[in-house]
Amino acid sequence: MRIVLLSNPTSRHGRHSGAADAAVAALEDAGHEVLVATSTGYEATRRRAVALLTDMGHRPDALVVVGGDGMIHLGLGVVARTGVPLGVVAVGTGNDIARHFGLPVGDVGASVSIVNHALAGTGRVLAVDAIHAARPDGTPVQACHQWSMATVGAGIEAAVNARANTLPWPSGESRYTVAALEEIVRLAPYGYRLTTDSGTWTGAALLVSAANTRYIGGGMDLAPQADPTDGLLEVVRLDPCGRLSVLALLRRVFAGTHVGRPGVHVERSRSLTIEPWPDDGAGGWLRDPPHPYADGERLASLPLHLEAVPQAVGLLLPA
């Protein structure tokens with residue numbers, strides 16, 4: 001079969017830069033033709049992959065990404081709604097998408113075996129939802145910002161993501177914990193107008209996320225009931241509270257036991273519109289929300305309309 005492969009040699013700060021070469025070798029040993037789309041940067045790699053999908057004479061049998069959640073984000077943006085399935089060799093920092101679907105992490109051989117079995121019909125190709133982003137009036141955002149697999153965050157979780165991306169130490173999932181503690185020190189609520197299937201809410205919040213899968217930040221179980229096959233988003237919002245309360249909730253988030261606690265709101269909705277809303281309703285002003293992040297990647301700026309798109313991509317999974 002013909003496979004397009006995307007990789008990120010900086011995954012886990014270069015610790016797995018050889019994973020792409022190992023994946024190519026394993027796929028070729030299995031008899032596949034492999035076309036490597038990796039280029040000099042994120043957008044250049046996306047354009048190269050799109051060109052390979054559209055200029056090859058016939059579409060490839062699969063696109064395989066080597067890296068973390070950000071590479072899955074990139075790959076999804078290439079193949080969403082094209083009918084080309086997506087395979088994952090997870091060697092990134094957070095690996096939250098692989099965690100949700102029970103895929104191996106840091107094991108190139110096992111990951112390639114899953115791809116081989118799924119393509120041969122002895123594994124699974126699961127049709128999963130994805131999150132599509134646009135402006136509230138329907139205007140498209142930049143192509144690399146349109147599709148997300150896991151979670152779009154526009155509160156403290158986005159600020160933590162941005163901070164974690166700047167930390168040279170520690171490596172792996174611990175970076176998110178350190179970044180979370182640093183953000184809690186400067187804790188203050190943000191102002192929002194949120195529109196879901198049930199109506200519009202305005203007010204102050206610390207966290208606002210639209211989740212398609214369960215995990216963020218290297219294993220935090222933010223949306224335990226998220227189901228990427230139900231056509232719905234899990235919209236999670238956290239009311240303003242003190243630092244000690246946030247620290248207590250942070251411990252619960254790792255276990256997924258924060259749902260139902262005071263101040264934690266979860267709603268299932270087909271769509272979510274997020275707009276900054278600085279007026280606190282009492283003559284005061286609230287902070288503008290941080291720049292949103294999705295799948296560990298910086299997304300388009302607010303305001304955004306997010307929608308769950310059913311069966312947007314086929315994911316190659318174990319039987």
Q: Only one of Leu233, Thr196, Leu272, Val236 passes side-chain contact (heavy atoms from CB on, under 4.5 Å) with Glu267; say which it is.
A: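 By the side-chain contact (heavy atoms from CB on, under 4.5 Å) criterion, Glu267 pairs with just one of Leu233, Thr196, Leu272, Val236: Thr196.
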
Q: Tell me if the CZ atom of Arg261 is crowded by more than 12 foreign heavy atoms within 6.0 Å.
A: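 No, because the 6.0 Å sphere around CZ of Arg261 holds 12 heavy atoms or fewer from other groups.
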
Q: Can we say Arg214 and Asp221 salt-bridge, meaning some charged N sits less than 4.0 Å from an Asp/Glu carboxylate O?
A: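 Looking at Arg214 and Asp221, the cut-off is met.
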
Q: Does some side-chain heavy atom of Val66 sit less than 4.5 Å from a side-chain heavy atom of Leu6?
A: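 Of all side-chain heavy-atom pairs linking Val66 with Leu6, none is under 4.5 Å.
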
Q: If you take all heavy atoms of Tyr190 and Ile156, which pair is closest and at what distance?
A: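 Nearest pair, atom of Tyr190 first, then Ile156: CE1-N, 3.7 Å.
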
Q: With a 4.5 Å heavy-atom cut-off, do Ile274 and Tyr192 have their side chains touching?
A: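 Ile274 reaches Tyr192 side chain to side chain.
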
Q: Is NZ or CZ of Arg81 both nearer than 6.0 Å to the six-membered ring centre of Trp147 and within 45° of the ring axis?
A: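 Judged by the rule (NZ or CZ under 6.0 Å from the ring centre, within 45° of its axis), Arg81 is not positioned above Trp147.
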
Q: Count the heavy atoms of every other residue, nucleotide or ligand shown that sit under 6.0 Å from CZ of Arg48, and state whether that count exceeds 12.
A: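 At most 12 heavy atoms, drawn from other residues, nucleotides or ligands, come within 6.0 Å of this atom.
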
Q: Would you call the rings of His73 and Tyr42 parallel, tilted or perpendicular, where under 30° means parallel and over 60° means perpendicular?
A: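 It falls in the tilted class, 30° to 60°.
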
Q: Return yes if some donor-acceptor pair links the side-chain N/O of Asp96 with the main-chain N/O of Gly219 below 3.5 Å, else return no.
A: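 Such a contact is found between Asp96 side chain and Gly219 backbone.
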
Q: For atom CD of Glu43, decide whether the heavy atoms of other residues, nucleotides or ligands shown that lie under 6.0 angstrom number more than 12.
A: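 Yes - once you tally the heavy atoms of other residues, nucleotides and ligands closer than 6.0 Å, there are more than 12.
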
Q: Can you tell me if CZ on Arg124 sees more than 12 non-hydrogen neighbours from other groups inside 6.0 Å?
A: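 Atom CZ in Arg124 is packed in, count exceeds 12.
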
Q: Other residues, nucleotides and ligands only: do more than 12 of their heavy atoms fall within 6.0 Å of CD on Glu33?
A: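 It does: Glu33 CD has more than 12 such atoms within range.
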
